[in-house]
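Quick note: numbers below take in every heavy atom, side chains included, and nothing from hydrogens, waters or symmetry partners.
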Amino acid sequence: MQSEFETTVEWLPFELHPGIPPEGKELPGYVRAYSASGADAYLLRLAEDEGLPMVLADRMVNSRRALEASEYAREQGRHEPFHRAVFRKFYGQGEDMYDWAVLSAAAEEVGLDPEEMQARTERGDFRAVVDRAITGAYRLGITGVPAYIFDNKYLIRGVQPYPVFRQTMLELGAASRRDGHQHRN
């Protein structure tokens, strides 16, 4: 989308299942049944179409540590590459994003100091910023991921194909022209 439209993407933290213990937990029966029904085939097909490897999780993981470590990366100006590295490790390789070894490897990969990241995250330096972002998401009606907000007006929920995003961008452009000014999306 960024190659077709002038956009800025800002990833914000959201903890989907805050009650998951650090060691993770087994997938609930309804999730296993959903997966067994073939519903995950859509996600796998989208990933394959984009040339992205995807490993379906066999456990629910605690994402809080990764969210807070990502805020360290944001502070260091390396949020986007760190975020992508953690996503690749979790979704593409099936690694546990709560594990410091996984987060440290992602930090090293993108030029961050993994020891400083761990120390500051464990000290709680990023706890409040993650809490504020999650509270803000709930205020906007977001209860799941992914969720995309465009121009503080449009919300797209869930995994969607590119044409859905493209249509939203075209509508924003048309609204901008009607309003007589340009919006940066």
Side-chain angles (χ1 to χ4, degrees), residues 1-18 20-24 43-44 46-138 140 142 144-152 156 158-162 165-166 169 184-185:
M1 187 164 62
Q2 288 176 304
S3 63
E4 187 175 355
F5 300 97
E6 184 181 331
T7 62
T8 301
V9 175
E10 181 180 8
W11 292 89
L12 299 174
F14 186 79
E15 194 171 12
L16 188 57
H17 299 289
I20 296 176
E23 66 277 5
L43 292 175
L44 292 169
L46 283 176
E48 183 180 326
D49 289 349
E50 295 299 320
L52 301 171
M54 184 168 189
V55 175
L56 297 175
D58 57 354
R59 297 181 54 75
M60 296 176 76
V61 299
N62 183 309
S63 63
R64 183 62 187 228
R65 182 180 281 169
L67 294 173
E68 291 183 20
S70 292
E71 292 307 309
Y72 167 82
R74 187 185 314 272
E75 180 184 273
Q76 304 300 313
R78 306 294 299 152
H79 183 268
E80 181 75 20
F82 180 75
H83 184 79
R84 288 188 184 284
V86 172
F87 261 44
R88 187 185 69 256
K89 289 179 177 303
F90 179 70
Y91 291 108
Q93 299 167 350
E95 297 182 32
D96 183 351
M97 71 173 82
Y98 191 82
D99 186 342
W100 274 121
V102 172
L103 295 173
S104 293
E108 285 180 1
E109 182 179 316
V110 302
L112 292 171
D113 181 337
E115 292 171 4
E116 179 183 8
M117 179 186 70
Q118 182 173 347
R120 295 203 44 216
T121 300
E122 287 180 340
R123 190 170 63 213
D125 289 3
F126 308 102
R127 194 170 299 131
V129 72
V130 170
D131 288 342
R132 280 192 303 276
I134 293 169
T135 298
Y138 282 129
L140 293 171
I142 296 170
V145 294
Y148 307 89
I149 301 170
F150 292 82
D151 203 28
N152 293 316
I156 296 176
V159 176
Q160 301 293 331
Y162 179 73
F165 294 96
R166 186 173 193 284
M169 294 301 291
R184 180 170 175 145
N185 304 314

Minimum heavy-atom distance [X]-[Y], with the two atoms named:
X	Y	value
Tyr138	Glu15	OH-O, 4.2 Å
Leu140	Ile149	CD1-CD1, 3.3 Å
Leu112	Ala73	CD1-CB, 3.6 Å
Ala69	Leu103	CB-CD1, 4.4 Å

Working to the nearest 0.5 Å, report the span between [atom1] of [X] and [atom2] of [Y].
X	Y	atom1	atom2	answer
Phe82	Arg74	CZ	CZ	11.5 Å
Asp131	Leu67	CG	CG	10.5 Å
Glu109	Arg78	CD	CZ	10.0 Å
Arg127	Glu122	CZ	CD	10.5 Å
Met117	Trp100	CE	CH2	5.0 Å

Exercise. Passes side chain to side chain contact (heavy atoms under 4.5 Å, CB included), Asn62 versus Tyr98? Steps please.
Worked result: CA-CA 6 Å; Asn62 183 309; Tyr98 191 82; 3.6 Å; yes
Using side-chain heavy atoms (C-beta onward) and a distance below 4.5 Å, is [X] in contact with [Y]?
X	Y	answer
Phe165	Phe150	yes
Tyr72	Asp113	yes
Arg120	Glu71	no

Exercise. Counting heavy atoms not belonging to Glu115, are there more than 12 under 6.0 Å from its CD?
Worked result: no
Exercise. In terms of ring plane angle, is the pair Phe87 and Trp11 parallel, tilted or perpendicular, where the classes change at 30° and 60°?
Worked result: perpendicular
